[in-house]
Amino acid sequence: MRLSRLSPVPALPVRSLRPALIAGGMLALLAGWSPAQAAPAVDDAGAKALAASLKKDLPRWFPPPSEDGEGVGFEWQGEPTVKPAGDHYDVALPRLSAEDAEGTLFDIGTVLLSVTPKDDGQYGVSITLPSAIKVQNLDDNDEYVDAATISIGKQSFTSTWSGALETLLAVDAAYNDIAVNAADGKGKISVASMTMVQDLKPEAGTGGATLWSGPAAFAFGGLSVKDDKNKELVKIGGVTAEATYTRVDLTKVSALQKLSEQTAAKGAAPTSAELLPKLQGIFGGVSGAMRLSNLSVVNPEDGTTVTLGQLAFRSGLTDLDQAMSTVSMGIEARDFAMTPSPAPAAFTPRAFEMKLSVAKLPNSALWKAFTELAKAAEAEEAPPPKKGAKAKAAPPPPSSDVVMQQAMAAMGEAGTELRIDALNLDTPATAGTATGAVKVATQAAFGVTGGANVLLRGIDAAVKAMQPAPGAKPDKETQDLLGGLAMVQAMGQAGKDDTGADIRTYKFEVTEAGQLLLNGADMTPLLAGGGEPAPAPAEKPKKK
């Protein structure tokens with residue numbers, strides 16, 4: 001049966017299908033089944049109950065195409081079959097197909113499950129996907145034509161499912177030799193291996209609630225993307241994504257899912273009064289990291305190549321269920337190279353690191369501000385009352401300016417800080433580091449006070465090495481670079497490090513009075529276009 005076309009957006013060529021799409025589709029498929037009503041006993045009655053539950057819940061978890069044409073629409077053909085098999089049930093789901101908003105159809109086929117009832121309403125669930133999934137695109141005549149085949153080699157997926165919470169508590173999955181082959185043989189995406197793990201454990205919470213904490217990870221290795229001429233355009237050694245969840249209230253997560261389903265059925269978004277109570281306190285914290293290694297990209301048009309040894313992103317939210325929380329993020333990269341290089345090789349970054357955080361965030365005050373802003377936005381979008389209506393008008397919510405002022409005042413009292421925990425840049429010619437912090441201060445001219453210390457190495461030696469030979473004139477690129485470096489030199493304070501190498505230091509400060517200081521000199525007039533910076537205060541002579 002053909003699914004209706006969901007969107008006028010042109011379908012993407014199959015060669016542009018990203019591995020993330022494949023992985024995301026698998027994750028949705030694996031996480032979607034809900035045997036919440038299955039009976040613990042493995043018998044004919046339990047098989048009948050499980051089949052009925054699946055028939056009811058599958059369209060809920062995998063809904064058909066929406067009227068607005070957004071997202072992915074699913075179609076189930078037939079009914080699930082369930083058979084008792086010793087201590088478990090053998091399940092064959094109805095044949096499944098899915099169509100995305102661009103008109104790409106995935107003929108997934110029949111998914112097999114093995115369901116083992118456990119204590120406390122939990123189930124052991126093993127899932128086997130079809131070894132081949134056909135992909136079709138719409139042609140100019142609005143008819144489906146074969147575009148590609150997704151093939152899976154070895155596969156293993158075992159998990160523990162909570163029927164009450166409708167959540168996967170534990171996952172251990174591995175897939176090998178995944179490939180997307182274009183139907184005409186021109187173009188291929190391959191992944192050597194893909195793994196998924198998760199292990200959430202319960203812990204006691206306040207008020208008798210049960211919270212869940214634990215790690216989760218997803219990784220793939222050996223990614224290769226080839227064009228229609230079988231030339232490798234992208235190669236990635238491996239990607240790993242890790243997360244650690246802290247004190248997650250899965251009861252609220254389940255309630256959010258049900259609210260989403262209920263409001264979607266009505267064709268309306270949930271109101272702030274319905275949504276916000278379920279969001280507040282939904283988890284204590286979450287931290288994540290993504291690492292990519294051995295990236296190589298080739299531009300087929302001009303032959304430009306980019307290689308990167310490692311790229312890592314980190315982020316975290318901690319103590320959201322406490323009085324104060326911290327938000328952090330970071331990025332690291334090393335062994336970068338580009339041919340041809342857009343910058344002189346001596347100044348092409350070899351390694352870069354940045355770590356930022358916002359600490360001492362007053363959770364209660366910020367949640368109140370978020371709630372007030374959400375209510376204000378909702379009130380602005382509400383239709384005006386009908387003429388003659390006698391309903392008592394609700395008091396208007398505070399303006400966004402007032403809400404932000406209250407939030408800033410709360411952060412000032414808490415001593416909220418934006419911190420540069422690390423900022424490091426290394427090139428063959430130069431290197432630089434920076435650390436610092438600014439603190440919210442409502443009485444300050446700019447609302448913050450604080451500063452940062454920057455240390456640069458190699459600037460003086462680089463300028464000296466770039467000077468043209470006597471009588472020679474530098475090219476424009478070198479001349480512009482020398483001019484910029486000379487300005488950076490002049491703004492820094494010269495010195496020596498522990499090894500005797502030349503360094504330049506830059507101490508930036510934002511004062512309560514609204515001054516922007518660099519090594520003690522007021523830069524405010526310069527930034528305002530008023531000319532030279534004020535001189536740094538002279539040192540007082542030492543008493544003899």
Side-chain angles (χ1 to χ4, degrees), residues 205-207 209 211 244-249 252 272-273 275-288 314-330 354-380 394-423 434-454 507-518 520 522-524 527:
T206 59
L211 307 178
T244 300
Y245 302 98
T246 306
R247 299 184 296 278
V248 181
D249 189 337
K252 287 192 173 184
S272 58
L275 183 62
L276 295 180
K278 294 178 174 60
L279 283 175
Q280 188 173 16
I282 197 168
F283 62 88
V286 59
S287 61
R314 293 181 175 84
S315 62
L317 295 169
T318 59
D319 295 333
L320 288 177
D321 54 355
Q322 307 298 317
M324 301 276 190
S325 62
T326 299
V327 181
S328 61
M329 63 84 63
M354 179 177 66
K355 295 179 181 179
L356 306 176
S357 62
V358 183
K360 301 180 182 179
L361 288 166
N363 292 328
S364 179
L366 292 181
W367 180 259
K368 179 181 178 182
F370 174 72
T371 302
E372 294 292 349
L373 291 174
K375 291 180 178 178
E378 193 173 65
E380 290 179 1
S399 68
S400 58
D401 290 340
V402 171
V403 172
M404 293 306 298
Q405 289 173 4
Q406 293 173 343
M408 290 296 292
M411 288 191 288
E413 293 177 4
T416 302
E417 290 184 332
L418 170 60
R419 299 170 177 171
I420 303 175
D421 299 309
L423 183 58
T435 57
V438 292
K439 180 185 295 187
V440 175
T442 53
Q443 76 280 3
F446 290 129
V448 296
T449 60
N453 293 318
V454 179
K507 184 178 181 181
F508 297 92
E509 295 178 86
V510 180
T511 69
E512 188 173 313
Q515 293 176 301
L516 301 176
L517 305 181
L518 172 57
D522 189 0
M523 302 296 291
T524 310
L527 295 175

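What you see is a predicted model, and the numbers here were worked out from it, not measured in a lab.
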- line: Nearest heavy-atom approach of Gln322 to Asn363 is O-ND2, 2.6 Å
field: Smallest separation among heavy atoms of Thr371 and Leu276, with atom names
entry: CG2-CD1, 3.6 Å
message: If you apply the rule side-chain contact (heavy atoms from CB on, under 4.5 Å), what do you find for Leu423 with Thr435, and how did you get there?
response: CA-CA 7 Å; Leu423 183 58; Thr435 57; over 6 Å; no
- prompt: Atom CD of Glu512 and atom OG1 of Thr449: how far apart are they, to the nearest 0.5 Å?
  reply: 7.0 Å
- prompt: Which atom names give the shortest non-hydrogen contact between Pro362 and Thr416, and what distance separates them?
  reply: CD-OG1, 3.6 Å
query: Closest approach of Thr442 and Ala409, non-hydrogen atoms and distance?
result: CG2-CA, 3.7 Å
query: Any side-chain heavy atom of Val510 sitting closer than 4.5 Å to one from Leu516?
result: yes
query: When rounded to the nearest 0.5 angstrom, what is the spacing between CG in Leu518 and NZ in Lys507?
result: 11.0 Å
field: Gap separating the CG atom of Asp522 from the CD atom of Glu509, nearest 0.5 angstrom
entry: 11.0 Å
task: Would you list the pairs meeting side chain to side chain donor-acceptor pair (under 3.5 Å) in which at least one residue belongs to residues 403-414, sequence neighbours left out?
output: none
For Lys355, all residues meeting salt bridge (Lys or Arg N to Asp or Glu O under 4.0 Å), sequence neighbours excluded: Glu353
message: Does this structure show an ion pair linking Asp319 with Arg247, if we count only N-O contacts that are shorter than 4.0 Å?
response: yes
query: Hey, is NZ on Lys252 packed in by over 12 heavy atoms from elsewhere, all under 6.0 Å?
result: yes
Gap separating the CZ atom of Phe283 from the CG atom of Leu317, nearest 0.5 angstrom: 5.5 Å
field: Exercise: identify the closest heavy-atom pair between Leu366 and Ala407
entry: CD2-CB, 4.2 Å
- request: Over all heavy atoms of both residues, which pair between Lys375 and Ser272 is shortest? Give the atoms and the distance, please.
  value: CG-OG, 3.9 Å
- line: To the nearest 0.5 Å, atom OG of Ser328 lies from atom CG of Asp421 at 8.0 Å
query: Can you list the steps and then say if Trp367 with Leu279 is a side-chain contact (heavy atoms from CB on, under 4.5 Å)?
result: CA-CA 10 Å; Trp367 180 259; Leu279 283 175; 3.8 Å; yes
- request: Decide yes or no on side-chain contact (heavy atoms from CB on, under 4.5 Å) for Thr511 and Leu517, but give the supporting numbers first.
  value: CA-CA 8 Å; Thr511 69; Leu517 305 181; 3.8 Å; yes
task: Run the numbers on Leu211 and Asp249 for side-chain contact (heavy atoms from CB on, under 4.5 Å), then give the verdict.
output: CA-CA 5 Å; Leu211 307 178; Asp249 189 337; 3.9 Å; yes
Distance (rounded to the nearest 0.5 Å) between Phe508 CZ and Ile420 CD1: 10.0 Å
message: So, using salt bridge (Lys or Arg N to Asp or Glu O under 4.0 Å) as the criterion, who are the partners of Glu417 when residues are at least two apart?
response: Arg419
